[in-house]
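Everything quoted here is computed from the prediction, not taken from an experiment.
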Amino acid sequence: MAIKLKTKVALGGIFLFALLIVVGTVSFFYFNRLSEDSKEIVKDNYETLNYSRDMLKELDAFNSNDSTAAFNAFEINLQLQEKNITEPGEEELTVSLRKNFNELRQKVRVDALPALIRQDIIGIMQANLKAIDKKNQAVQTSAQRAKTIITFCLTVCLLLGFTFLFNFPSLVASPIASLTEGIKAIANKNYGERIHLNRKDEFGDLANAFNTMAERLDEYEHSNLSKIMFEKQRAETVINSLKDASIGIDNKGIVLFANQQALHLLNLKETEIISLSQEEVKKRNDLFQFLINEQNSIPFKIVVEGKENYFTKEIIELTHDKQKAGHVIVLKNITPFKELDVAKTNFIATISHELKTPLASSDFSLKLLEDERVGTLTSEQKELVQSLKDDNKRLLRILSELLDMSQVESGKIQLTLQAVQSWGLIDKALASVLNAAKQKNISIQKKVAEDIPAVKADADKTTWVLNNLLTNAIRYSADNTEIIIGVQRQGNNVQFTVQDFGKGIDPQYKDKIFDRYFKIPGTKEGTGLGLAICKEFIEAQGGTINVDSDFGKGSRFSFTLPVNI
């Protein structure tokens, strides 16, 4: 039958209590026995000696003047002695003493009686002294025996108690130590650890439960290890298949991964970056240091194998349970766009320059045709000449805009700042987009506040910005909707707004919408330059531009220009 730990502890306490009872009982028995023997000596012998001493004293007083009192006192002590006869031969001496004392009181043989009485009393005293000596020796023997027995019992109890106290704590401490070591091993993921306690108590049950837990953890670890390795390999394959260079860093600054494209750009091996701290990698790689320290997304150049490549940096934050878990640095290669942009800029500049010369020449020729000195034109010819002049002006204006775009992209913006009426800018921009709006049956509402002052701006470039914003609004609005274009004053500035009710902008892309070459994922149209050029034009004129968007409900682009003072 298994004994529980609680029962063992209770039995241990009972055992110690029993030892105390045994020692106490033996000691009490012998101490009580010695006490009774001492009382017996006092009662049986010392009292008799006191009576005998008093009788001898009174015997000497028989011949005194107060003999009657002496006789009475002697009688009292003799009666007490007669009641305290305890030793062998004491009774005969006491009877003889009574006989001689009675004869002395009756005046019979007066001369010889005192000597006989004294002899009887001394005999009684000697008998009791012998008894006292005998009893004292017996008491000494009994005390020595009690001392030996008590010492033996105490020694046995101390040995048993010490053995119990030495072994009993190990009954509890040893399994606890084993359990502690086992728990530490499990904490270190050593799931093969087992605790072997051949016990049938609570510790045995706990050891069995621990072993079951460790076995389940071991099974779980091995059953999931292959899955984890498979998922790891699959994740590495996916990361390496990405066209963009990607570097993953956890929230402690440890580099988790870097795909082959990133390693190629950094000119590092996996062992030189993976699982290392970003601070350590920064010390050995200037490009990595630039990527970590530079927070903006401005395009930058990297020379790879002697060829210039252009990249933009994007940082994707990673979260787990609403807490930051790290981030991924993604480098997008925009070299093809950059090459196309440069080619386009050069093409526009070249074509614009080449076309301006013949257009200027044709415009001069048209002026000559209008001169009556050359010849008189019919009314129909004048209409044709006027039409050609209007076409020339329109072409020249378009070429000017193309040149302005090339200036923006090359970083050389030329502004013609002057006082411009806000409503005039709106009307001019609307005229160029009305046809596109009609094709989708989109109505454009104007909300122009009264008494809007003139702004100090470049009319052509500001019109170009409004045209771009309206074109985007029409492009991303559904059919049969509306667009609102408004103007209002804000202190020393005038604010222009273009609001649509299309699909809006995802909040994660809002801060990147004005970056060059940035396109919202899923957008196929455009090169990502339009809004960037708008930003360049507005900021060059001393204004600001921003966007407010409610994803799924539409966007509201606005920019400000200073009031002309």
Q: Could you grab the distance from atom NZ of Lys512 to atom CG of Leu531, nearest 0.5 Å is fine?
A: 15.5 Å
**Q.** Spatial distance of atom CG (Asn285) from atom CG (Leu266) [nearest 0.5 Å]
**A.** 5.0 Å
**Q.** Glu539, CD atom: more than 12 neighbouring heavy atoms under 6.0 Å
**A.** yes
Q: Mind running side chain to side chain contact (heavy atoms under 4.5 Å, CB included) on Gln499 and Asp548 for me, showing each step along the way?
A: CA-CA 9 Å; Gln499 183 174 3; Asp548 294 318; over 6 Å; no
Check for a donor-acceptor pair, side chain of [X] on one end and backbone N or O of [Y] on the other, with a separation under 3.5 Å.
X: Ser549; Y: Gly554; answer: yes
X: Asn77; Y: Ala73; answer: yes
X: Asn259; Y: Ala262; answer: yes
X: Thr148; Y: Gln144; answer: yes
X: Asn309; Y: Val303; answer: no

Check whether any side-chain heavy atom of [X] lies under 4.5 Å from a side-chain heavy atom of [Y], and answer yes or no.
X: Ile249; Y: Ile254; answer: no
X: Val255; Y: Phe288; answer: yes
X: Ser558; Y: Ile545; answer: no
X: Leu78; Y: Ile76; answer: no
X: Asn128; Y: Leu49; answer: yes
X: Asp244; Y: Leu331; answer: no
X: Glu91; Y: Thr94; answer: no
X: Lys130; Y: Glu87; answer: no

Under 3.5 Å, is there a donor-acceptor pair between the [X] and [Y] side chains?
X: Ser555; Y: Asp500; value: no
X: Thr312; Y: Asp515; value: no
X: Gln81; Y: Glu47; value: no

Shortest non-hydrogen separation from [X] to [Y] and the atoms involved:
X: Asp120; Y: Leu93; value: CB-O, 3.9 Å
X: Leu256; Y: Ile274; value: O-CG2, 3.7 Å
X: Ser52; Y: Ile121; value: O-CG2, 3.5 Å

**Q.** Aromatic ring pairing Phe71/Phe101, orientation class (parallel under 30°, perpendicular over 60°, tilted between)
**A.** tilted
Q) Who are the salt bridge (Lys or Arg N to Asp or Glu O under 4.0 Å) partners of Glu82, not counting sequence neighbours? A) Arg98
Q. Out of Asn492, Asn546, Thr497, Asn493, which residue meets the side-chain contact (heavy atoms from CB on, under 4.5 Å) rule with Thr560?
A. Asn493
Q | Residues Lys269 and Glu272 bridged, charged N to O under 4.0 Å | A | no
